[in-house]
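Quick notes on the structure that follows.
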4 protein chains.
Amino acid sequence: MDIGMIGLGKMGANMAQRLQRGGHRVVGYDPGEAARLGLEERGLETADSLAALVAALPAPRTLWLMVPAGAPVDATLEALRPLLQAGDVLVDGGNSNYRDSQRRAGQCREQGVHFLDCGTSGGVWGLGEGYSLMVGGDASAAERLRPAFEALAPAPDRGWGRVGPSGAGHFAKMVHNGIEYGMMQAYAEGFAIMQRKESLALDLPQVAEIWRHGSVVRSWLLDLTADALADNPALEGIAPYVPDSGEGRWTVAEAIDLDVSAPVITLALLERLRSREDDSFADKMLAALRDRFGGHGVRQG
Amino acid sequence: MDIGMIGLGKMGANMAQRLQRGGHRVVGYDPGEAARLGLEERGLETADSLAALVAALPAPRTLWLMVPAGAPVDATLEALRPLLQAGDVLVDGGNSNYRDSQRRAGQCREQGVHFLDCGTSGGVWGLGEGYSLMVGGDASAAERLRPAFEALAPAPDRGWGRVGPSGAGHFAKMVHNGIEYGMMQAYAEGFAIMQRKESLALDLPQVAEIWRHGSVVRSWLLDLTADALADNPALEGIAPYVPDSGEGRWTVAEAIDLDVSAPVITLALLERLRSREDDSFADKMLAALRDRFGGHGVRQG
Amino acid sequence: MDIGMIGLGKMGANMAQRLQRGGHRVVGYDPGEAARLGLEERGLETADSLAALVAALPAPRTLWLMVPAGAPVDATLEALRPLLQAGDVLVDGGNSNYRDSQRRAGQCREQGVHFLDCGTSGGVWGLGEGYSLMVGGDASAAERLRPAFEALAPAPDRGWGRVGPSGAGHFAKMVHNGIEYGMMQAYAEGFAIMQRKESLALDLPQVAEIWRHGSVVRSWLLDLTADALADNPALEGIAPYVPDSGEGRWTVAEAIDLDVSAPVITLALLERLRSREDDSFADKMLAALRDRFGGHGVRQG
Amino acid sequence: MDIGMIGLGKMGANMAQRLQRGGHRVVGYDPGEAARLGLEERGLETADSLAALVAALPAPRTLWLMVPAGAPVDATLEALRPLLQAGDVLVDGGNSNYRDSQRRAGQCREQGVHFLDCGTSGGVWGLGEGYSLMVGGDASAAERLRPAFEALAPAPDRGWGRVGPSGAGHFAKMVHNGIEYGMMQAYAEGFAIMQRKESLALDLPQVAEIWRHGSVVRSWLLDLTADALADNPALEGIAPYVPDSGEGRWTVAEAIDLDVSAPVITLALLERLRSREDDSFADKMLAALRDRFGGHGVRQG
């Protein structure tokens, strides 16, 4: 099928290429010329404006957004919607908040455009290994996109599916990322404990490699952990500074909103916040208080 | 090689069988006659006493313990040590505390017996898929056991290794289980959040299945999660009661002892404790206090 | 001064009475007749409509809202604003979200009405002991209300103050309640640990009473704890079920929004959510998973 | 009564002085000459050896230990016990682990010496305000010490008591400190949230002062917080580095041992550990993993 890919960053360009490999015609668009040239170098077609992109696709059109979550999605939709017509399908494959997706689906519905929210996991490895895709929205629209999903997923019959109405795809992806935070933190803590046990001089890359085979904790994240430790056993030159891109916060907020206690996902998020505090006011206050009642003194800082 | 397997429960019997399939001669011993008969029905040889077991093996002997951690290991060692001689190798493949293993290795060393602590992961699936084995102790003794490790592991060249001196194997296994607690809790929280989001009516077995392919959170535990949800999507008939068998507690204690903050592993343990409190005194006190200062009333209980 | 008190629930009626005791003329209004009668029985004046209330007060008027946070405040404001005129001062003494207060202050400002957000702590004890008041909004309006604050506070010169611009009062109160959650949970956990240590048979009411004098953990909440335990040492008849009224959630959301890691306040909130889950899906999944990989069985539920 | 005070550090010297003020004769001993001279400067009697101390007291003797927990207590006991005789009473007023106290009480009992474990709270303020004392051990021995407890406590009839058999006093003090950790962390987090809310420019010393009067969170620790913030509103020059002296760890370990989930006390401890990690391996691993799957890059460190 013919697919317009909007947003040619790391994710968008790789997905365009995987779709093409799957036998589809992909036309790419990105406001940045360098991004468009990058896609052309991979042998794919591009358009230099949204209007040109829309014009290059037969109706009913399929347009796939891979742009940063938040304002960029709304800006793109605002520019795009006047160019679309009833029956077109718009997929948001980025990490949008599911409530935004529900709102956007409503806006599109007003003009007869189908909006699918597609949670996409797989990162930079998706080009080769395929993506895991959780789709929310109208069932018939999702069915029309089946060939695209089959090409993007690891195999046509697995790793993708329509999981519910508008918002369901991004909701599932949000929770996926919350789980990801928890798992990463669990591994990180475990290896930190072993690293600190100097008397046993555990070989961390070796332990990670052993666990990859037959253990209860084997996983794809462990495969990456083993690779990372094999390349850099002491993780030298890497700052203990961990960004977060939003889905973890949303998961925590959603859990609280639903009255679900999710301490591990929550603490995994807080640990990331903590990693970025280099002069914690809370800790200074604890130090000050200990000194006040116990005369313990404080470390100068 | 010839191997005596002491303890023929679920784990011991399966490991005996996998060793035999790998071309080894295994003689099994268990104080329970039913367990011995069970092994014989699988076509393996048994001995009806520790003395008979030791007599059935050529020196230097290899004896593998798969008995419950704690007092049973010490009791078995006490009975076994007078029967052993210098050069014999004793492997503790159970979930012993690494400090106990260090102590026991010292006791064995006094009479020239080698003691290896072998952290074993794989559960009931190990018979078919192989076990992940983390070995601590004398390097030459570990090398002598190589054929056994190669047969037990998923493949001869992967999934096992000597990771350090006495205690290192059980230390690594302890941390493995701590990570396992954290991962399980992360998945459990994520699915609980989705289950509670009734407005989206997410199909949990389908989401788990999608995530198995291409997602960042794919893992063996997710495979099991998908199986469990496919069989019983609402987890009906299962009480929200989660035992723990000790390694998680040890991991938490060790982390604190090493001054490592491990909030996710720690909270995963606390959540298990919490699952078993059906009449929390702390929560009653919170309810009582709210009533005291705010006049909010309490729910009768 | 003359003050109109809107909302004559537990808090509003007590505050009206304390203001009157402080020498002020208070006219109370509540949509419920019983609430109005209750105030009259305390010897205070009431009005049977907002219009009558406004008419009963000399301009520039002082109106104090003690109505439930959220929609009730907006509904009251919508009904009240057409009755007000430039120079009037409106105080919201309830537990409103500080962002709502900032919005409402803006709405009031358009018609020249001053809006003060006044975080109020003290609960049912405030009538006798005085209230702790954190005021946000225009400094000159706050100054005009000084006599009212002096009457409500424990003493004219302490326990109240303007802490910043619109929103600052309710922000400080929100954080106050987050701290309150953490403190309550700390006490509750501590007493739960002692209660479970059966071999020492600690007398919990006695320990609480000892700590009230000279210890580092002495506090007003401990005074209440000691009272509660003296009356009911085993907390019999109290369900382990802990509601929350919103400020804790806001504190957690705000902390995350500000990139501040606040694990103790956060966990105190999650524990309350947890206290209300009687059939945790997460725990059922943990039980199911343990059984899947370890063959541990599950408890029927 | 006559009391020998062993250990003349901050706590021991102050307690000796408070006892003397209460009308008792106190003889102090410390292995350090400077500490003995310090006590003499306060006008108290000292002895220059344990033997001299014991000789200076009439039988049956009362000896009070204020030495650092752990090995120093055992060393002192080992030196002291040969000098004692049946009927003497030994009080350990330090922060000993309650299990050690139970063991030591058993050792003393063999020679007819009474051993009381006395949890002591109050810090450097105890000299003026009195100490909170939780006593464990034989009831008749505790009764014999009544005059000393009455002098040390804030008032003769409050702030002290025998709370149970040997170990109960130090157990209660251990839990007290766990609660203290949780409370301190709750305040610290709350003030950190306010400090970070720059748009409201909250005056932290003022907020703390307001809360001291009439609020639900008023406490002695808040009094100290208000003092600390009044002296140094931005906590300048204080490093965010928070030591811990053991009782928090014991509380966490005990809670887990008793199967009590105590997340707030536990996280308060972990936050202290975290404050002392300046190059967290766990955070480096999280950063490395994010880069591996998402190509997010890492910050150099």
Side-chain angles (χ1 to χ4, degrees), chain A residues 121-123 126 129-134 153-155 158-161 163-165 167-168 171-172 175-176 178-180 182-183 185-187 189-190 192-194 196-197 200-203 206-207 210-211 213-221 251 254-255 258 260 262-265 267-268 271, chain B residues 121-123 126 129-134 153-155 158-161 163-165 167-168 171-172 175-176 178-180 182-183 185-187 189-190 192-194 196-197 200-203 206-207 210-211 213-221 251 254-255 258 260 262-265 267-268 271:
Chain A
S121 181
E129 307 202 358
Y131 299 91
S132 195
L133 305 167
M134 306 131 242
R158 65 185 62 166
W160 73 274
V163 297
F171 190 94
V175 172
H176 166 283
I179 293 171
E180 175 192 304
M183 290 174 67
Q185 181 69 22
Y187 285 121
E189 290 176 6
I193 293 167
M194 290 191 288
R196 195 70 71 86
K197 188 68 176 180
L200 292 176
L202 289 155
D203 180 337
Q206 182 201 23
V207 171
I210 290 172
W211 286 352
H213 309 285
S215 89
V216 170
V217 301
R218 63 193 190 260
S219 74
W220 187 67
L221 279 167
T251 309
E254 188 69 30
L258 293 168
V260 174
V264 153
I265 292 176
L267 263 292
E271 175 56 26
Chain B
S121 181
E129 306 202 359
Y131 299 91
S132 194
L133 304 167
M134 304 132 242
R158 65 186 61 166
W160 73 275
V163 297
F171 190 94
V175 172
H176 167 282
I179 294 171
E180 175 192 303
M183 291 175 66
Q185 181 68 24
Y187 285 121
E189 291 175 6
I193 293 167
M194 291 191 288
R196 195 69 71 86
K197 188 68 176 179
L200 292 176
L202 289 156
D203 180 337
Q206 182 202 23
V207 171
I210 290 172
W211 286 352
H213 309 285
S215 89
V216 170
V217 301
R218 63 193 190 260
S219 74
W220 187 67
L221 278 168
T251 310
E254 189 69 29
L258 292 168
V260 173
V264 153
I265 292 177
L267 264 292
E271 175 56 27

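Sequence lines set the chain letters: A, B, ... in the order given, protein chains first and strands last, and positions in each chain run from 1. FYI, side chains are in, hydrogens and waters are out, and symmetry mates aren't considered; it's all heavy atoms of this structure.
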For chain A, which of B:Met134, B:His176, B:Arg158 has the most heavy-atom pairs under 4.5 Å? B:His176
Leading residue by heavy atom contact count with chain B [cutoff under 4.5 Å; candidates A:Val175, A:Val217, A:Thr251]: A:Val217
Return the option, out of A:Leu200, A:Val216, A:Val163, A:Leu258, with the maximum number of heavy-atom pairs under 4.5 Å with chain B. A:Val216
So which of A:Gly164, A:Ala155, A:Ala153, A:Ala172 has the largest heavy-atom pair count under 4.5 angstrom toward chain B? A:Ala172
So which residue, A:Gly182, A:Gly123, A:Gly159, ends up with the most heavy-atom pairs under 4.5 Å with chain B? A:Gly159
Side-chain touch A:Trp160/B:His213, heavy atoms, less than 4.5 angstrom: no
For A:Glu189 and B:Ile265, the nearest pair of non-hydrogen atoms, with its separation, is OE1-N, 2.8 Å
Distance (rounded to the nearest 0.5 Å) between A:Ile193 CD1 and B:Glu254 CD: 8.0 Å
In this structure, CG of B:Leu221 is separated from CZ of A:Arg218 (nearest 0.5 Å) by 9.0 Å
Under 4.5 Å heavy-atom distance to chain A, tell me which part of B:Glu180 shows up: side chain, backbone, both or neither. both
Of all of B:Gly122, B:Ser219, B:Ser215, which one pairs up most often with chain A through heavy atoms under 4.5 Å apart? B:Ser215
Could you tell me which of B:Gly130, B:Ala192, B:Gly161, B:Gly126 has the largest number of non-hydrogen atom pairs under 4.5 Å with chain A? B:Gly161
Out of B:Glu129, B:Met194, B:Glu271, return the one with the most heavy atom pairs under 4.5 angstrom to chain A. B:Met194
Under 4.5 Å from a heavy atom of chain B, the part of A:Trp220 involved: both
How close do B:Pro263 and A:Leu267 get, counting heavy atoms only, and between which atoms? CB-CD1, 3.8 Å
At a 4.5 Å cut-off on heavy atoms, which part of B:Pro154 comes close to chain A: side chain, backbone, both, or neither? side chain
B:Tyr187, part contacting chain A, at a heavy-atom distance under 4.5 Å: both
Is there a side-chain contact between A:Phe171 and B:Val207 in this structure, where contact means two heavy atoms from C-beta onward sitting under 4.5 Å apart? no
